[in-house]
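Okay, so here's the structure we're looking at.
All residue numbers refer to positions in the sequence shown, counting from 1.
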Amino acid sequence: MMCNKTLSLARTVTVAGLVWTSALSAQMSAQGPQQALTWDQVKAKFEAVNPLLKADQIGVDELKAEEVTAYLRPNPQFTLGADGTQIAPHEGIWRPTSGTQVQPNFSYLHEREHKRELRLESAKEATQIGGSLHEDLERNLVYSLRSAFVQTLEAKAVLDLAKADLEYYDKIIEISRARFKDGGLAKVDLDRIELLRSQYEAEIQAAILNLRSQKIQLLQLLDDRTPVAQFDVTGPFDFSSDLKPLDDFHQAALAARPDLRAAVQSTEQAKTNHKLAVANGSTDPTFGAWYTYNPSFSNPYAHQTLGLSVSVPLRIFDRNQGEKQRTLIDINRNQQLTEGATAQVFSDVDTAYEQVQSNVALLIPYRDQYKDQATRVRDTVTYSYQRGGASLMDFLNAQSDYRVVQLAYLQLIGAYLTAASQLNLAVGREVIP
């Protein structure tokens, strides 16, 4: 007899749920089409429109352009000189241009010890560092986006739970009113049951407000002006108890973390900069060549002549000693920073992994035991109360316990998904969907 009553109640709740869903769908259709975006769609949209990412990418493009500047050769020098022009008569003779000497001069600085190649290599390494830091910025921003996405899914789940609880409780009120009419329930008990409905209504309104707030935050991150009522996201709101060994996440993080990669690349650039500092301490000769028309040499037949020169600076005092020492120290500094970044990676992964494990350990008994127990207790006490076998206080406590357990389960799933996002952030790529 008890099973038949319970099944009848479940059928009634299901029908009420369908009516509620139909009404909600009609309301949303009147407001306009709803955009139910998956996580992949949200992420792709975020990466395409986020102004911080776009501005940072411009910085990487600027570093790429500096590679061209780094590999440029020194410009040759051209000088045109004229001398020997007579500007005033002397002893009654004035031949102003007969003694004019014209001399075009070309000179070029020759860079030795592969200076250009080293400058280009350093510039390319700077571009690589900028690209890795850009990926690291994206990694952190995507974590914030993922957290907002998870919180939106949690708010939707809480709202659905609140609606289902109200539907179930409305059926209890209907049965209680029928009992009151038949004389099987006191007026004060009916009033207490009906008064409790206000708590369910308050929970629904709070859940609606929270859902709208989470959607607004998500729209802000997406730089989207879609009305809140027409925006929605969808995705699995559940957990998985399967977790790979911690060492797998360590190895994945060492290979994927962009900030660690940037630290390693900074060390390589420091080594290149030291090589460049050594090369800059070498001597670069300047070669010159000039042609002279109508020179005033002792050779009366040297009417057109060619001159050559080599200019070599004597690097007696300045051999770039300070820069050599500074870049050598910078290598050690970046190596220490790389060690620190590696330690931080392990710490991040360990912390996030433990948090995921803790949430899984809490969720498993809820999934396997507590949820079903709370449902059975609620249905059993409700059935017993309707037949006078349980007090009103027992009935209300059972309703409250059921709501607490179901809400705690949803909150734990939200905490698990947030911890999973934290582990993805620590590893540097998505290892838990």
Within the structure provided, determine whether [X] and [Y] are in side-chain contact (heavy-atom separation under 4.5 Å).
X	Y	result
Glu203	Leu161	no
Gln151	Gln217	yes
Ile413	Asn359	no
Tyr293	Gln101	no
Arg429	Asn424	no
Gln355	Gln422	no
Phe149	Val233	yes
Trp290	Thr305	no

Between [X] and [Y], a side-chain donor and acceptor under 3.5 Å:
X	Y	answer
Gln399	Thr382	yes
Thr327	Lys275	no
Thr100	Thr85	yes
Asp330	His274	no
Ser147	Ser421	no

Does [X] [atom1] have over 12 foreign heavy atoms under 6.0 Å away?
X	atom1	answer
Arg112	CZ	yes
His114	NE2	no
Phe237	CZ	yes
Gln220	CD	no

Out of Leu211, Leu209, Asn210, which residue meets the side-chain contact (heavy atoms from CB on, under 4.5 Å) rule with Leu159?
Leu211
Does any N or O in the side chain of [X] come within less than 3.5 Å of the main-chain N or O of [Y], such that one atom is a donor and the other an acceptor?
X	Y	result
Ser358	Glu354	no
Tyr143	Glu138	no
Thr234	Leu37	no
Ser282	Val278	no
Ser122	Arg119	no
Arg403	Asp165	no
Asn140	Asp136	yes
Glu117	Glu113	no
Gln230	Pro227	no

Mind checking the [atom1]-[atom2] spacing from [X] to [Y]? Nearest 0.5 Å is all I need.
X	Y	atom1	atom2	value
Glu62	Ile58	CD	CD1	7.5 Å
Leu363	Gln411	CG	CD	11.5 Å
Met393	Ser400	CE	OG	11.0 Å
Leu137	Asp259	CG	CG	12.0 Å
Leu243	Asp248	CG	CG	10.0 Å
Asn320	Gln325	CG	CD	12.0 Å

List the residues meeting side-chain hydrogen bond (donor to acceptor under 3.5 Å, both in side chains) with Asp348, not counting sequence neighbours, and say none if there are none.
Arg257, Gln344
Check this for me, if you would: do [X] and [Y] make a salt bridge, where the nitrogen-to-carboxylate-oxygen distance has to be below 4.0 angstrom?
X	Y	answer
Lys171	Glu174	yes
Asp242	Lys244	no
Arg261	Glu135	yes

Side chain to side chain contact (heavy atoms under 4.5 Å, CB included) between Gln103 and Asp83: does it pass, once the steps are laid out?
CA-CA 8 Å; Gln103 186 180 72; Asp83 194 13; over 6 Å; no
Tell me whether Arg378 forms a cation-pi arrangement with Tyr168, defined as NZ or CZ under 6.0 Å from the six-membered ring centre and within 45 degrees of its axis.
yes
Closest non-hydrogen atom pair, [X] against [Y]:
X	Y	result
Ala157	Leu410	O-CD1, 3.5 Å
Pro285	Val312	CB-CG2, 4.1 Å
Pro74	Leu109	CG-O, 3.8 Å
Leu153	Pro236	CD1-O, 4.1 Å
Val42	Leu222	O-CD2, 3.5 Å

Please state whether the rings of Phe78 and Phe106 are parallel, tilted or perpendicular, taking 30° and 60° as the class boundaries.
tilted
Which of parallel (below 30°), tilted (30 to 60°) and perpendicular (above 60°) describes Tyr200 and Tyr169?
parallel
Decide side chain to side chain contact (heavy atoms under 4.5 Å, CB included) for Lys45 and Asp224; before the verdict, give the C-alpha distance in whole Å, the side-chain angles of both, and the deciding distance to 0.1 Å.
CA-CA 9 Å; Lys45 186 174 182 179; Asp224 194 340; 2.3 Å; yes
Given the rule in the side chain to side chain contact (heavy atoms under 4.5 Å, CB included) test, do Leu396 and Arg192 qualify, once you have shown the distances and angles that lead to the verdict?
CA-CA 9 Å; Leu396 297 180; Arg192 293 180 66 182; 4.2 Å; yes
Stepwise side chain to side chain donor-acceptor pair (under 3.5 Å) test for Tyr291 and Gln304:
CA-CA 7 Å; Tyr291 162 81; Gln304 300 184 57; 2.4 Å; yes
Worked check of side chain to side chain contact (heavy atoms under 4.5 Å, CB included) between Glu323 and Asn280
CA-CA 9 Å; Glu323 191 64 14; Asn280 286 334; over 6 Å; no
Between Phe249 and Tyr353 (judged by ring centroids, cut-off 6.0 Å), do the two rings come close enough to count as a pair?
yes
Is the distance from the ring center of Phe287 to that of Tyr108 below 6.0 Å?
no
Go through it in stages, so that I can follow the logic: the residues are Asp372 and Tyr366, the test is side chain to side chain donor-acceptor pair (under 3.5 Å), and I'd like the CA-CA distance, side-chain angles, deciding distance and then a yes or no.
CA-CA 8 Å; Asp372 293 338; Tyr366 270 87; over 6 Å; no
Less than 3.5 Å apart, which donor and acceptor atoms pair up between the side chains of residues 64-73 and the rest of the protein, not counting sequence neighbours?
| from | atom 1 | to | atom 2 | distance (Å) |
| --- | --- | --- | --- | --- |
| Lys64 | NZ | Glu67 | OE1 | 3.4 |
| Glu67 | OE2 | Thr127 | OG1 | 2.8 |

When Arg116, Arg315, Lys115 are each screened for salt bridge (Lys or Arg N to Asp or Glu O under 4.0 Å) with Asp284, the one that passes is Lys115
